[in-house]
Protein chains: 2
Amino acid sequence: MTLTRKSLRQQIKEILLTRILQGEYRPGDRLIELQIAQEFGTSQAPVRESLRELEALGFVESVPYRGARVRAVSQQELAEVYPVRAAIEEVAARTAAARLAGDVSALEAEIAAMHRAADDGDLYAQVCHDVAFHRLIVDACGNRVLQEVWRSLRIEARTLISVVKTEIEPHHLADMHRPILEALRAGDGDLAGRLLRQHVEFFGELVLKGEHA
Amino acid sequence: MTLTRKSLRQQIKEILLTRILQGEYRPGDRLIELQIAQEFGTSQAPVRESLRELEALGFVESVPYRGARVRAVSQQELAEVYPVRAAIEEVAARTAAARLAGDVSALEAEIAAMHRAADDGDLYAQVCHDVAFHRLIVDACGNRVLQEVWRSLRIEARTLISVVKTEIEPHHLADMHRPILEALRAGDGDLAGRLLRQHVEFFGELVLKGEHA
DNA sequence: CAAGAATAAATTATCGATAAACGAAAGTCA
DNA sequence: TGACTTTCGTTTATCGATAATTTATTCTTG
């Protein structure tokens, strides 16, 4: 049937994840193993394993003998991410300052891309580049454990939700990243860390205020 | 055969985890699905799912079609945990101070238990109560995301390794927690956070220095 | 008619067997 | 000899079927 290089499990997992992130499956929807297996023309096993992985990633939750459902991300949970993010990214920026050695070209590019996306009115692209900016800093710090923890917060999936809710002027949003970039360019890790922390905390508070769900 | 209330998968996972933590399986050891299944008298499926869960938890690593091995925790990784821990626990302590409302009896009990363990020369118990002290603070902060991230660091498993390597006087170790407790009793979240951060960072540096592996 | 038992329907958990992929060892040809 | 195939044993990945469990429905019985 289909040409496969990756394992079925991997493929199914990616398809299901896409559907969850794009809202095709809504929170609370049941994900029935045999039903999905039938759709893809596979057996139950790889579907089952996919669901387990998605469970570990926090996108679905399951109860023994009762099956899996798409996990609802509560407003509270969304808000709780920010203090953790802020603390982690502060550490990342502090370490990254030295390791970047003033080379902030990649960060510069992301800010530029944010402006372009703002011009195009492409909210999705804007979020992607925003997240990429933060990820660059996290990656630059060189601490693998920190990187893994940051990824486990699934910022991509959550930022999109946040941005849609808060309605900030897009160009302003892009420019807010500049002071952080300048501090990193100057090699001032302490300052960069403090700025980044405030930056993230600022959005955390926005999300809290925007609780009109 | 045996009477079971939990799923096979859950049971197998726990047994395998115990073996890994107790060193029965050494880092790098292969975990062969059918071999384990045969030992427990089950089929391959539940073993397979157990291994996947342990992989998600970071205790084993696996490559497609090549199987799973016990993951080696490098000295570097061990050291990298501390900055992250320090940042997270600082946030936790700051928030916990208000929510505890001065009730630090549980924390008091853990310090007492550490001293008892020190008297008995029971290093394992000492580590457990040390970890419990930190966990109490993390739990008290009420931020679920923070709690989950902290747990994902698997402090229990790593602290044991660290303590064994650093050789601190046990009663002194216990007493080092007291200033944090006092700050929490006084409701001073900022101070508690700063103290806790320093406390954790201190151990991070100890681990770095103790690199005689 | 309501509470509880018994049954039926749906779905997950586990099984045993087969197919696919990998790594090592043996074989081939310049 | 040495690089490239081929073969073979091992182990994972997937399959189709069955057992176990839950939920919904129907049937009692007072």
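Quantities reported herein were computed from a predicted structural model and do not represent experimental measurements. When reading the values below, keep in mind they use all heavy atoms of this one structure, side chains included, and skip hydrogens, waters and symmetry mates.
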>> I'd like to check the side chain to side chain contact (heavy atoms under 4.5 Å, CB included) partners of B/Arg66; sequence neighbours left out, ordered by chain and number.
In response: B/Val63
Roughly, in whole Å, what's the span from [atom1] in [X] to [atom2] in [N]?
| X | N | atom1 | atom2 | value |
| --- | --- | --- | --- | --- |
| A/Gln44 | D/dA13 | CD | C1' | 15 Å |
| A/Gln35 | C/dA9 | CD | C1' | 15 Å |
| A/Ile36 | C/dA10 | CD1 | P | 18 Å |
| A/Gln10 | D/dT14 | CD | C1' | 15 Å |
| A/Arg69 | D/dT23 | CZ | P | 10 Å |
| B/Ile32 | D/dT10 | CD1 | P | 11 Å |
| B/Arg52 | D/dT14 | CZ | P | 9 Å |
| A/Glu33 | D/dC15 | CD | P | 14 Å |

> So is B/Arg154 actually on top of B/Phe59's ring, under 6.0 Å and inside 45° of the axis?
Replying inline: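 Yes, B/Arg154 sits over the ring of B/Phe59.
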State plainly whether the residues [X] and [Y] are in salt-bridge range, i.e. N to O under 4.0 Å.
| X | Y | value |
| --- | --- | --- |
| B/Arg144 | A/Glu80 | no |
| B/Arg151 | B/Asp139 | yes |
| B/Glu49 | B/Arg52 | no |

> Within the structure shown, what part of the strands sits under 4.0 Å from B/Leu31 by heavy-atom distance: base, sugar-phosphate, or nothing?
Replying inline: sugar-phosphate
> Tell me, which of residues 58-68 of chain B have any heavy atom that sits under 4.0 Å from an atom in DNA chain C?
Replying inline: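 The stretch gives B/Tyr65, B/Arg66 as the residues lying under 4.0 Å from the strand, ordered by number.
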>> Ignoring hydrogens and geometry beyond distance, is a side-chain donor-acceptor pair present between B/Arg85 and B/His134 at under 3.5 Å?
In response: yes
> Does A/Arg48 put a side-chain nitrogen or oxygen below 4.0 Å from OP1 or OP2 of C/dA13?
Replying inline: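 A/Arg48 to C/dA13 OP1/OP2: side-chain N or O found under 4.0 Å.
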>> Checking B/Glu77 now: which residues fulfil salt bridge (Lys or Arg N to Asp or Glu O under 4.0 Å) with it, not counting sequence neighbours?
In response: B/Arg71, B/Arg158
>> Go nucleotide by nucleotide along DNA chain C from the 5' end; which of B/Glu49 and B/Leu34 gets its closest nucleotide reached first?
In response: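 Looking at the nearest nucleotide for each, B/Glu49 comes out on the 5' side.
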